Number of protein chains: 2
Amino acid sequence: MKRNTWQREAVRAALADAGGFVSAQALHASLREGGSTIALATVYRTLTGLADEGEADSLQQEGELLYRACTPGSHHHHLICRRCGTTVEIEAQPVEEWARRTAAEHGFTRAEHVVDIFGLCARCTELADRASRP
Amino acid sequence: MKRNTWQREAVRAALADAGGFVSAQALHASLREGGSTIALATVYRTLTGLADEGEADSLQQEGELLYRACTPGSHHHHLICRRCGTTVEIEAQPVEEWARRTAAEHGFTRAEHVVDIFGLCARCTELADRASRP
DNA sequence: CGGCTTATCGAGAACGGTTGTCAAAACCGT
DNA sequence: ACGGTTTTGACAACCGTTCTCGATAAGCCG
Ligand SMILES: [Zn+2]
Ligand SMILES: [Zn+2]
Ligand SMILES: [Zn+2]
Ligand SMILES: [Zn+2]
């Protein structure tokens with residue numbers, strides 16, 4: 001049976017709080033920052049759990065897994081700021097269809113797809129420009 | 001200056017030989033298999049080099065980096081068999097445009113995108129079906 | 001409200017892929 | 001062939017993640 005622990009709630013809250021994609025370690029750090037005594041392994045376990053249950057999205061960037069709170073059950077993709085992690089959920093029917101069709105055309109079955117866009121959000125763009133041209 | 005060593009050539013050849021995405025370790029193993037005495041670190045270094053120079057594509061799957069020989073300079077995406085690693089290069093102008101437009105609409109700049117389709121190729125599909133329904 | 005069962009937790013060790021270190025070897029323009 | 005520089009190889013170090021296992025505490029039943 002699944003149990004409700006304050007640790008699980010803390011991770012859920014911190015994840016929702018983060019607003020964008022964050023690593024398990026970063027989340028753990030921010031929890032400790034806030035006075036929690038939660039263990040790193042627990043953060044890892046909880047995040048994998050949330051991702052399995054569809055309460056969080058995950059993606060790999062530069063060798064580490066990032067997680068983000070996510071509306072359960074809906075299929076969508078992300079527009080992610082490389083600098084600050086801010087994330088926008090995007091739906092793209094045309095891409096869905098294109099993926100399905102392309103896979104079928106080549107005889108592929110059980111097709112899944114990874115579609116993500118990385119860039120600099122408006123704010124980070126401005127900051128970067130200001131920094132490079134003083 | 002960049003030098004030509006037999007190790008670099010061996011990696012290039014083995015990579016071309018593989019035909020699909022392979023891990024550095026797998027490539028190293030198959031090289032030793034073939035009698036080469038090349039070191040693992042060299043395989044890693046060479047692969048990162050090739051990827052930087054655009055001679056190889058790379059992607060992350062389940063915590064490890066996979067590489068594939070790749071026509072240099074061209075932007076494209078992949079249709080990858082989860083089982084055997086067979087890869088098909090695909091171009092998708094509509095997706096390129098959609099990605100560019102979506103990023104711009106949300107004020108994102110310097111946008112790059114990841115678009116890959118994973119599935120079972122025709123052969124692996126057949127094998128899987130045969131195995132599950134004897 | 002106590003016990004009891006058992007999922008979950010914490011601390012640290014272990015793991016696997018990758019990168020760093022540095023002396024020795026290989027490369028290449030001369 | 002020579003000498004400055006790059007690259008290699010063996011191994012240690014790294015880093016994110018997972019495993020182990022005794023301790024803890026959630027939820028259930030009486
Ligand atoms: Zn940003
Ligand atoms: Zn999709
Ligand atoms: Zn296949
Ligand atoms: Zn593209």
Side-chain angles (χ1 to χ4, degrees), chain A residues 1-15 18 20-53 55-68 80 82 85 114 116 118, chain B residues 1-15 18 20-53 55-68 80 82 85 114 116 118:
Chain A
M1 171 213 314
K2 172 112 55 98
R3 292 181 183 175
N4 284 340
T5 66
W6 64 263
Q7 287 95 336
R8 171 170 290 265
E9 269 325 299
V11 170
R12 241 203 285 263
L15 190 60
F21 278 90
V22 279
S23 70
Q25 314 231 31
L27 210 57
H28 178 243
S30 85
L31 281 161
R32 308 287 289 209
E33 203 79 12
S36 174
T37 64
I38 194 170
L40 178 58
T42 304
V43 176
Y44 273 106
R45 278 188 293 241
T46 309
L47 285 175
T48 11
L50 291 175
D52 286 351
E53 299 153 28
E55 289 197 52
D57 267 350
S58 70
L59 62 85
Q60 279 187 300
Q61 201 190 12
E62 287 160 31
E64 65 181 1
L65 275 167
L66 304 183
Y67 295 88
R68 176 176 197 272
I80 303 142
R82 264 195 295 271
V114 176
D116 288 307
F118 297 87
Chain B
M1 170 213 312
K2 169 114 55 98
R3 294 182 181 175
N4 284 340
T5 66
W6 64 264
Q7 287 93 335
R8 173 171 288 265
E9 268 326 298
V11 170
R12 239 203 287 261
L15 190 61
F21 278 89
V22 279
S23 70
Q25 313 233 34
L27 211 56
H28 178 242
S30 84
L31 281 161
R32 308 287 290 209
E33 203 78 16
S36 174
T37 64
I38 194 171
L40 178 57
T42 304
V43 176
Y44 272 105
R45 280 188 293 241
T46 308
L47 285 175
T48 2
L50 291 174
D52 286 350
E53 301 154 27
E55 289 196 53
D57 267 351
S58 71
L59 62 85
Q60 281 187 298
Q61 200 189 13
E62 287 159 33
E64 66 182 358
L65 274 167
L66 304 182
Y67 295 88
R68 177 176 197 271
I80 302 143
R82 266 196 295 271
V114 176
D116 288 306
F118 297 87

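Note that the coordinates shown come from a computational prediction; the quantities given were computed from them, not determined experimentally. Convention: sequence-line order gives letters A, B, ...; per-chain numbering from 1.
Distance A/W6 CH2 to D/dA26 P: 10 Å, rounded to the nearest Å. As rounded to whole Å, 14 Å separates atom C1' of D/dT24 from atom CD1 of A/I38. Look at CD on A/E9: it is 14 Å from C1' on D/dA26, rounded to the nearest Å. In this entry the distance linking CG of A/D52 with P of C/dT8 reads 13 Å, nearest Å. B/E62 places its CD atom 17 Å from the C1' atom of C/dT18, with the value rounded to the nearest Å. Rounded to whole Å, the distance from CZ on B/R45 to C1' on C/dC22 is 11 Å. Per the geometry, CG belonging to B/N4 stands 11 Å off P belonging to D/dT8, to the nearest Å. D/dG9 atom C1' lies 10 Å from atom NE2 of B/H28, rounded to whole Å.
The phosphate of C/dT18 (OP1 or OP2) has a side-chain N or O of B/Y44 nearer than 4.0 angstrom. Regarding contacts with the backbone of C/dT8, every side-chain N or O of A/T42 stays at 4.0 angstrom or more from both OP1 and OP2. Side-chain nitrogen and oxygen atoms of B/Q7 include at least one within less than 4.0 Å of the OP1 or OP2 phosphate oxygen of D/dG9.
With respect to the salt-bridge test (charged N to carboxylate O, under 4.0 angstrom), the residues B/E53 and B/K2 qualify.
Here the straight-line distance linking atom CZ of A/R82 with atom CD of A/Q61 works out to 8.5 Å at 0.5 Å rounding. Here B/T46 contributes atom OG1 and B/I38 contributes atom CD1; the two are 5.5 Å apart, rounded to the nearest 0.5 Å. To the nearest 0.5 Å, atom CZ of residue B/R12 and atom CG of residue B/N4 are 7.0 Å apart.
Looking at which nucleotide of DNA chain C each of B/Q25 and A/R8 is closest to, the 5′-most match is held by A/R8. When the nearest nucleotides of DNA chain D are assigned to B/V43 and B/R3 by heavy-atom distance, the more 5′-ward of the two goes with B/R3. Heavy-atom nearest nucleotides on DNA chain C were determined for A/M1 and for B/K2, and the one closer to the 5' end corresponds to A/M1.
The side chain of B/L40 has C/dT18 as its nearest neighbour among D/dG16, C/dT18, D/dA26. Comparing atom distances between the A/L65 side chain and each of D/dT8, D/dT17, C/dT6 picks out D/dT17 as nearest.
Taking all atoms of both residues into account, the shortest heavy-atom contact from A/L65 to A/Q60 is CD2-CG, 3.6 Å.
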